[in-house]
Student: 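Mind having a look at this structure? Questions to follow.
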Amino acid sequence: MKAGRILLALLFVVGLLGVVFNGALIYTRFFLISVVLGIISWVWTRWSASGLSLIRGSRVLRANVGDVFEESYEAVNNSRIPAAWMEVLNQSTLPKAAGSRLFTFVLGRQRRSYLARTWLTRRGGFQLGPTQITAGDPFGLFSSGKVIAPRETLVVFPVIHEIQSFPYPPGMLPGGQVIRRKSYDITPHAVGVREYVHGDAMKRIHWPTTARRGQLMVKEFEQDPQAEIWLVLDSQKAIHYEKPYQQEELPLDSMMFVKRPKFKLPPSTLEYSVSITASLAHYFIGQRRSVGYVSAGQTFTVHPAERSERQEAKILETLAFVEANGALSIAALVTAQASQLPQGSSVILVTPTVRADIVHAVDDLQMRYLRPVVVLLETESFGGPRGTETLINSLRERRVPVTVIRCDDDLSQALSEIPTDFKAQDMRAWQKPVSLR
């Protein structure tokens, strides 16, 4: 386009100077050709560009890191004249976003449709746009178009690794003391009915009793006597490390069949911690356990324990945006929340710390009749300092299950194995119902 404009400018200047100083016919032709060509190109470009439109959409707006995200594009030339060329430029912040395309000779009233596939390599929220659509004349002199603002946002969840088993207490089942507290959520434990109060959900109405008494009656529920599972993600800024790395490229032919390629986590303690927490949430909710979540990254976040798929979605969406910029240590985080947890619950601490804070957190949990489990990332393998072994020995002395994660470990396998140093008798002692006082 730049070369065409330079050529047109030369024709115009040479023709104009020739007409003024020489008057030869050839210079007049140069001048007229440059003027006519410029006017035709400019009018053609503006006319064809005025009829440009773009339809961009996707079937899903939630996906996981490692998935192939598919979008559909439909570029339309609504004008009566053809566009010599038409370009679609995807300006989304999504890393390595596909979707940019160039078409030649698009007839009037014609549509061009195509699919774009992007390999998702980073968690977070990404606007699907803006998108710029541009058209130009056949001589490459002018271009014009419009920018279409983004209308949708894609949320990319962390990688979820399938876990086969993970140590957790059986809970305070019959034979132990049951926590008898009313629940605002629907649980498997209905304890009675009461009169309807404005604001009660319609799904809680007990219709047989309503018909018998002639007035609306709703069911009351009790909290599940099983122990809750609480996931505590350590997002303190000072303890996370990352080795330099370069994200691998995914060949285009690997995405043609929309298969999920094998994704390798970046060598970052934060990314490993987030993926581990997401995998544990998925596993325990799949086991129909009540799962809660606590972290203190950019904000202090608490999701009260629930067992629904909606709870998993809430935890995953929070994890999609977690950053390692918190100031609270794991001990302070546990202290802030432990008093709110039902006795007998299991608290899984996911941390890469090499400080004694994790030991203090475990002691605090055990004094409150809670069962700690530690997923400890070996910081040295991520380019950080040593000190993990000392913490492991301290935790073993307290009969706390510890799963050690190293950089490049297979998380599915590492999380599914009960620690070999945690003996069978230790597991039985750890799983015994606590004595509630």
Student: Please determine whether side chain to side chain contact (heavy atoms under 4.5 Å, CB included) holds for the pair L154 and L94, giving the CA-CA distance in whole Å, both sets of side-chain angles, and the decisive distance to 0.1 Å.
Tutor: CA-CA 9 Å; L154 170 68; L94 188 66; 4.2 Å; yes

Student: Considering only residues two or more places apart or on different chains, which pairs with a residue in residues 122-139 satisfy salt bridge (charged side-chain N to carboxylate O under 4.0 Å, His left out)?
Tutor: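 For residues 122-139, and leaving out neighbouring residues, the salt bridge (charged side-chain N to carboxylate O under 4.0 Å, His left out) pairs sorted by first residue read R123-E271.
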
Student: Have a look at L349 and tell me which of V334, V294, L376 forms a side-chain contact (heavy atoms from CB on, under 4.5 Å) with it.
Tutor: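 Of V334, V294, L376, side-chain contact (heavy atoms from CB on, under 4.5 Å) with L349 is met by V334 alone.
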
Student: Taking ring-ring contact (aromatic ring centres under 6.0 Å, His included) as the definition, give me every residue that meets it alongside F69, ordered by chain and number, with sequence neighbours left out.
Tutor: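 In terms of ring-ring contact (aromatic ring centres under 6.0 Å, His included), with neighbours along the sequence ignored, F69 is linked to no residue.
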
Student: Quick one: list whatever passes ring-ring contact (aromatic ring centres under 6.0 Å, His included) with H303, sequence neighbours left out.
Tutor: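 With neighbours one apart ignored, the set is Y293.
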
Student: List the residues meeting side-chain hydrogen bond (donor to acceptor under 3.5 Å, both in side chains) with S329, not counting sequence neighbours, and say none if there are none.
Tutor: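 Testing S329 for side-chain hydrogen bond (donor to acceptor under 3.5 Å, both in side chains), a comparison that skips the adjacent residues, returns none.
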
Student: Is S92 reaching over with its side chain to a backbone N or O of Q127, donor-acceptor style, under 3.5 angstrom?
Tutor: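 A pair under 3.5 Å: yes.
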
Student: Could you go through the side chain to side chain contact (heavy atoms under 4.5 Å, CB included) check for I315 and V291 one step at a time?
Tutor: CA-CA 9 Å; I315 294 175; V291 179; 4.0 Å; yes

Student: Before giving the answer on side chain to side chain contact (heavy atoms under 4.5 Å, CB included), spell out for V218 and H206 the whole-Å C-alpha distance, their side-chain angles and the decisive distance to 0.1 Å.
Tutor: CA-CA 5 Å; V218 297; H206 191 256; over 6 Å; no

Student: Can you tell me if S100 and N90 form a side-chain donor-acceptor pair at under 3.5 Å?
Tutor: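 The answer is no; no qualifying pair exists.
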
Student: Any side-chain to backbone donor/acceptor pair from H240 onto D234? Under 3.5 Å, distance only.
Tutor: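 A pair under 3.5 Å: yes.
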
Student: Residues two or more places apart in sequence or in another chain: which of them pass side-chain hydrogen bond (donor to acceptor under 3.5 Å, both in side chains) with S48?
Tutor: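 Not a single residue meets the side-chain hydrogen bond (donor to acceptor under 3.5 Å, both in side chains) criterion with S48.
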
Student: Please identify each residue that fulfils side-chain hydrogen bond (donor to acceptor under 3.5 Å, both in side chains) with T388, with sequence neighbours left out.
Tutor: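 T388 satisfies side-chain hydrogen bond (donor to acceptor under 3.5 Å, both in side chains) with no other residue.
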
Student: Which pairs pass ring-ring contact (aromatic ring centres under 6.0 Å, His included) with one or both residues in residues 334-360, sequence neighbours excluded?
Tutor: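 Applying ring-ring contact (aromatic ring centres under 6.0 Å, His included) to every pair that reaches into residues 334-360, excluding sequence neighbours, yields nothing.
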
Student: Check each of E74, E71, E152 against R56 using the side-chain hydrogen bond (donor to acceptor under 3.5 Å, both in side chains) test, and report the only one that passes.
Tutor: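 With R56 as partner, side-chain hydrogen bond (donor to acceptor under 3.5 Å, both in side chains) holds for just one option, E71.
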
Student: For atom CZ of R213, decide whether the heavy atoms of other residues, nucleotides or ligands shown that lie under 6.0 angstrom number more than 12.
Tutor: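 Result for CZ/R213: open.
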
Student: List for me each residue that meets ring-ring contact (aromatic ring centres under 6.0 Å, His included) alongside F103, sequence neighbours excluded, and say none if there are none.
Tutor: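 For F103 the ring-ring contact (aromatic ring centres under 6.0 Å, His included) partners, ignoring immediate neighbours, are Y114.
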
Student: With rounding to the nearest 0.5 Å, note down the distance linking CH2 in W47 to OG in S79.
Tutor: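 These two atoms lie 8.0 Å from each other.
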
Student: Looking at F105, I want to see if its CZ is surrounded by more than 12 non-hydrogen atoms of other residues, nucleotides or ligands under 6.0 Å.
Tutor: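 Check fails, neighbour count at 12 or below.
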
Student: Can a side-chain donor-acceptor contact be found between R112 and N77 if the only test is distance below 3.5 angstrom?
Tutor: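 No donor-acceptor contact under 3.5 Å links the two side chains.
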
Student: Which residues satisfy the side-chain contact (heavy atoms from CB on, under 4.5 Å) test with R62, sequence neighbours excluded?
Tutor: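 R62: side-chain contact (heavy atoms from CB on, under 4.5 Å) contacts with V155, F157, E317.
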
Student: Does a donor on one side chain and an acceptor on the other come within less than 3.5 Å for E87 and W85?
Tutor: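 E87 vs W85: no donor-acceptor pair found between side chains.
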
Student: Which distance, rounded to the nearest 0.5 Å, do you find between the CD1 of I229 and the CZ of R289?
Tutor: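 It comes to 4.5 Å.
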
Student: Pair up each side-chain donor or acceptor in residues 272-279 with any protein partner under 3.5 Å, not counting sequence neighbours, and list the distances.
Tutor:
unit_1, atom_1, unit_2, atom_2, d
Y272, OH, D408, N, 2.8
S273, OG, T269, O, 2.7
S275, OG, V159, O, 2.8
S275, OG, H161, NE2, 3.3
T277, OG1, S273, O, 2.8
S279, OG, H161, N, 2.8
S279, OG, S275, O, 2.8

Student: Less than 3.5 Å apart, any donor N or O on the side chain of R46 or S144 sitting next to an acceptor on the other?
Tutor: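 S144 and R46 do have a side-chain donor-acceptor pair below 3.5 Å.
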
Student: Taking only residues two or more places apart in sequence or in another chain, which ones pass salt bridge (charged side-chain N to carboxylate O under 4.0 Å, His left out) with K314?
Tutor: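 By the salt bridge (charged side-chain N to carboxylate O under 4.0 Å, His left out) rule, K314 matches E306.
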
Student: Taking G38's backbone N and O only, do any of them form a donor-acceptor pair with S41's side chain (distance below 3.5 Å, no angle check)?
Tutor: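 Judged by distance alone, no pair lies under 3.5 Å.
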
Student: Hydrogens and angles aside, do T353 and T351 bring a side-chain donor and acceptor to less than 3.5 Å of each other?
Tutor: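 No, because no side-chain N or O of T353 sits under 3.5 Å from a partner of the opposite role on T351.
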
Student: Taking the side chain as C-beta and beyond, is there a heavy-atom pair between T45 and V43 under 4.5 Å?
Tutor: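 Of all side-chain heavy-atom pairs linking V43 with T45, none is under 4.5 Å.
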
Student: Under a 3.5 Å distance rule, please check whether Q298 uses its side chain to pair with a backbone N or O of F321 as donor and acceptor.
Tutor: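 Checking the backbone N and O of F321 against the side chain of Q298, a donor-acceptor pair under 3.5 Å is found.
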
Student: Please say whether more than 12 non-hydrogen atoms of neighbouring residues, nucleotides or ligands are located less than 6.0 Å from CD in Q215.
Tutor: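 Buried by this count: over 12 neighbours within 6.0 Å.
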
Student: For the pair D410 (side chain) and S412 (backbone), establish whether a donor and an acceptor sit closer than 3.5 Å, ignoring hydrogens and angles.
Tutor: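 Side chain of D410 to backbone of S412, a donor-acceptor pair under 3.5 Å: yes, one is there.
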
Student: With S72, which residues qualify under side-chain contact (heavy atoms from CB on, under 4.5 Å), at least two apart?
Tutor: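 For S72, the residues satisfying side-chain contact (heavy atoms from CB on, under 4.5 Å) (neighbours in sequence not counted) are L115.
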
Student: Is it the case that atom CZ in R109 sees more than 12 heavy atoms from other parts of the structure closer than 6.0 Å?
Tutor: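 More than 12 within 6.0 Å, yes.
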
